[in-house]
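I have placed the structure first, in the form of structure tokens, so that the comments after it can refer back to it.
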Amino acid sequence: MDAPSENRSPLARRTVLGTALGGAAMAALPGAAHAEPDGTGGAAGPASAGRPWRLRSAMADDAAWEDFLRGQDLRWSRLPALWHEGPFLGDGLLGSMVYREPDSERIRFTVQHGRVQDHRPEFGSGWGTCRLPVGHLTLEPAGTVTAVDWRLSLWNAELTGTVTTTAGTLTLSVLIHDEVLAARVTAGGGERATWTFHPEEAVSPRRIQESPPAGYTGNPPWTTRTAADGTEQVLQPLTGGGQTATSYRRTGDELLLGVGHSFPSDTAAEADSLRNLRRAVSYAALRRRHVRWWHGFYRKSFVSFPDQRLQSFHWIQLYKVASASRAGGPVMATSGPWLEPTPWPAVWWNLNVQLEYWLIHGSNHPELDALATTLRQNQEQLVANVPEAYRKDSSGIGRSSDMFANRAVGRPGTGAETGDLTWALHNVWLSYRHSMDRSLLRDTVYPVLRRAISYYLHFLTPGSDGRLHLPSTLSPEYPVVPPQDTTYDLALIRWGCRTLLESAELLGVDDELAPRWREVLARLTPYPVDDNGFMIGADTPYAQSHRHYSHLLMVYPLYLVNWDQPENRELIAKSVTHWQALTGAHRGYSYTGAASIHAMTGDGDTALGSLRMFFDPTARYPCRANTHYTEAGPVIETPLSASQSLHDMFCQSWGGVIRVFPAVPSAWADVTLHDFRTQGAFLVSAVRRAGVTRFVRVRSLAGEPLRLRHGLSGTLTVLLDDGSPAHTRDLGDGTLAIDLPKDREVLVHSGSRPDLVIAPVAVSEPGPAWGLP
């Protein structure tokens, strides 16, 4: 049922997306602790001044975390038949998915690794530098499987449970840590546990769609050997150089398996995989290190809201991204470390990689940022990707590449897709803004962005209107190439020039290109617009369904055109309405992108309605049983971007303003945030009860200016952590400027001081566990 029009934003009134989700106020969590008697309660105003305060967390110990995350676990009561139904494990490099071996009673544990790829760039990213399969294990019971009872524990990142067969039972525990898959299986009754490793041909998974390119020869066959300590090895040499080695050994009930990959060395992987096994020692020893890492990981932030299914989904995405990526490791390919048959066995730079990494910022997990480290480590390759005539001052990357960013980029004027490196750098800039790590700005964002924008500058030419115009380029995946002024690229050029000028000032750099950047900002042609909103480019309307929102990049995620600009609201509204009205090509991220744009407008109900379309099982491409997603092959970015849509409902930081609870759906009366990281390197904690924000706490990690749109009403109390009043300025529109030194905290509330407790909220919308419960 639609919400009453007076309660809906202009954008919602113009669209047919979503519904208003009514709901009664949620009860507080039973048993949630109250404030300590040392100053965390009391009246607002002068009576509160001088009294120190502190937050108290109901999530302060392992038992509380284990209990909460147990409620988010994935469960299986029947054997999964497909990869997108089963459990998944990973450590940012090695990954495994668990499901039934086709046409048998065996259980498959895939063995794939994010560094394993071919090294023949002359055959392109689909074949020559593609991800390569490693193999899979099978667990072969003696009897016929009649039931399973499995749990994927998020808290321990471990699969545990039983397999019941006609012969007896198998009790299993499996985890992955430090590039080792460890399994412990005990047999009961007449059962036995038989393990077999099956190497897979080192050929591109793209063969499901097409034949190899002309001149391509297959990689040599694998060989096997037994090491001196009895460890079995499978060695895979590669035609283009390098080696993959898989080593495994079984001791009693335990199996340990490790994978190594080396390039250009043809032998180093062999020693690496053996070293990984020696370091693991045993299941118990590896598990101790494993759970220590994961328990520390989860404690870095906390979010709770009353929709059980979506809350579990969100925590599973945090588990997923930490299983798939670590800073310094390979940037996520389209399937993460879980390679399956796919036409996309590479890294895709025109939307996928950007969406994959958004959620690490708010969730306070910079340690997962392989995108920033990939661009820093491969700057020479980014130079080599542009035509030789432009390498003196330019860098770029084509649509897809290997983990080393090896892919040539085309020239503007030929209809090529040229803006993908600049968009990826927006992610790295977000990493800088959320950390305020000057070295990241100095060593990666500034030098690489300078070269990416310089590539554009070679092709900007003045028109008869006195404006600067860009010759033909492609708006990612839209089937018509504008003759000039593609909106995707105009947005990236504007963002890039602004960011370079701001960065040069921050770094104290007197850059000789600064006058040119200012000229571009002053003279660049406006975005092409028609009666339906933003166009794809000059003389090219948005006239057919488009799954990407590349033509809306200036709205989201760049926020160059945004809801804080009243003069642009109508344009944003009709642009999003028209994009969503043409539905034939829409995919999962079409819905998550729309949800985030609606969240920017403050319309949480329509944002949630858009997001729920991704979870609609009747949709053509819905979220799958284990929260993964597939089109013609696995694509990991869409579920991860759905978590970012939730972030955008709970807390936004753009334009120099932190917005707390800016678009919470009306059905979610209770929400808890803790240590949510924002731009400016702030950690935000906030509690919402019965539809009202009770308090906001902000900690400054870098001493940046704090502008807080707090969502509170009435007379405010604003106290530093020692109880002294903070210096504030009312900026209007519910925004407060607060003087907050580095490493200090500020509390903002109205009325009597509330209980300053961080705790899970009660579930008001129950739902089944993910998996096959």
> Would F88 and H628 count as a ring pair (Phe, Tyr, Trp, His ring centres under 6.0 Å) if you check the C-alpha gap in whole Å, the side-chain angles of each, and the deciding distance to 0.1 Å?
Replying inline: CA-CA 10 Å; F88 55 96; H628 279 266; 4.4 Å; yes
> Can T627 and K320 be said to form a side chain to side chain donor-acceptor pair (under 3.5 Å), step by step?
Replying inline: CA-CA 9 Å; T627 80; K320 184 188 295 179; 3.1 Å; yes
> Would H314 and H647 count as a ring pair (Phe, Tyr, Trp, His ring centres under 6.0 Å) if you check the C-alpha gap in whole Å, the side-chain angles of each, and the deciding distance to 0.1 Å?
Replying inline: CA-CA 10 Å; H314 173 70; H647 282 182; 5.4 Å; yes
> side chain to side chain donor-acceptor pair (under 3.5 Å) between N156 and H295: does it pass, once the steps are laid out?
Replying inline: CA-CA 7 Å; N156 293 321; H295 294 178; 2.9 Å; yes
> Between Q679 and R433, does a side chain to side chain donor-acceptor pair (under 3.5 Å) hold up when you go through it step by step?
Replying inline: CA-CA 5 Å; Q679 291 189 39; R433 285 289 301 155; 3.1 Å; yes
>> Run Y319 and W315 through ring pair (Phe, Tyr, Trp, His ring centres under 6.0 Å) and show every step you take.
In response: CA-CA 6 Å; Y319 163 79; W315 284 98; over 10 Å; no
> Does the side-chain contact (heavy atoms from CB on, under 4.5 Å) test come out yes or no for S700 and L706, once each step is laid out?
Replying inline: CA-CA 8 Å; S700 174; L706 172 59; over 6 Å; no
>> Does F650 form a ring pair (Phe, Tyr, Trp, His ring centres under 6.0 Å) with F305? I'd like the steps, not just the answer.
In response: CA-CA 10 Å; F650 298 145; F305 54 103; 5.2 Å; yes
> Please walk me through it: do N350 and W348 pass side-chain contact (heavy atoms from CB on, under 4.5 Å)?
Replying inline: CA-CA 6 Å; N350 65 351; W348 247 253; 3.6 Å; yes
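Considering all non-hydrogen atoms of both residues, L513 and S454 come closest at CD1-OG, 3.7 Å.
Separation of atoms CG (D489) and OH (Y456) is listed at 3.5 Å; rounding is to 0.5 Å. If you take CE on M554 and CD1 on I572, they are separated by 10.0 Å, rounding to the nearest 0.5 Å. Summarising the geometry, atom OG1 belonging to T373 is positioned 6.5 Å from atom CG belonging to D369; distances are rounded to the nearest 0.5 Å. Distance check: K300 NZ to S363 OG gives 10.0 Å after rounding to the nearest 0.5 Å. Note: R131 CZ to R115 CZ = 11.5 Å, rounded to the nearest 0.5 Å. Rounded to the nearest 0.5 angstrom, W563 CH2 and I597 CD1 are separated by 11.0 Å.
Classification of the Y549-Y556 ring pair by plane angle, with boundaries at 30° and 60°, yields tilted. The aromatic rings of H548 and Y589 lie perpendicular to each other, with more than 60° between the two planes, well past the 30° mark. Taking the six-membered ring where tryptophan is involved, the planes of W654 and Y559 are essentially parallel, since the angle between them stays under 30° and well short of 60°.
Listed by chain and number, the residues in a side-chain contact (heavy atoms from CB on, under 4.5 Å) with E380 amount to none (sequence neighbours excluded).
A salt bridge is defined here as a Lys NZ or Arg NE, NH1 or NH2 lying under 4.0 Å from an Asp or Glu carboxylate O, and D178 with R289 meets this definition. With respect to the salt-bridge test (charged N to carboxylate O, under 4.0 angstrom), the residues R709 and D564 qualify. With salt bridges taken as basic N to acidic carboxylate O contacts below 4.0 Å, none links D721 and R697.
A distance of 6.0 Å or more separates the ring centres of Y432 and W429. Checked against the 6.0 Å centroid threshold, H434 and H365 do not count as a close aromatic pair. Ring to ring, W423 and H426 are not that close: their centroids are 6.0 angstrom or more apart.
A cation-pi contact links R494 to Y527, judged by a cut-off of 6.0 Å to the six-membered ring centre and 45° from its axis. In this structure, R299 fails the cation-pi test against W155, since its NZ or CZ atom is not both closer than 6.0 Å to the six-membered ring centre and inside 45 degrees of the ring normal.
Other residues, nucleotides and ligands place more than 12 heavy atoms under 6.0 Å from the CG atom of D61. Atom CD of Q565 has more than 12 heavy atoms from other residues, nucleotides or ligands within 6.0 Å.
Within the 3.5 Å criterion, the main-chain N or O of S724 finds a donor-acceptor partner in the side chain of D722. Under the 3.5 Å distance criterion, the side-chain polar atoms of R326 are matched with a main-chain donor or acceptor of A322.
With Y488 as the fixed residue, the side chain to side chain donor-acceptor pair (under 3.5 Å) test singles out one of T422, D420, T473: D420. A side chain to side chain contact (heavy atoms under 4.5 Å, CB included) with V684 holds for exactly one of L708, V696, D675; it is V696.
Put simply, the side chain of L701 does not reach to within 4.5 Å of the side chain of F682, judged on heavy atoms.
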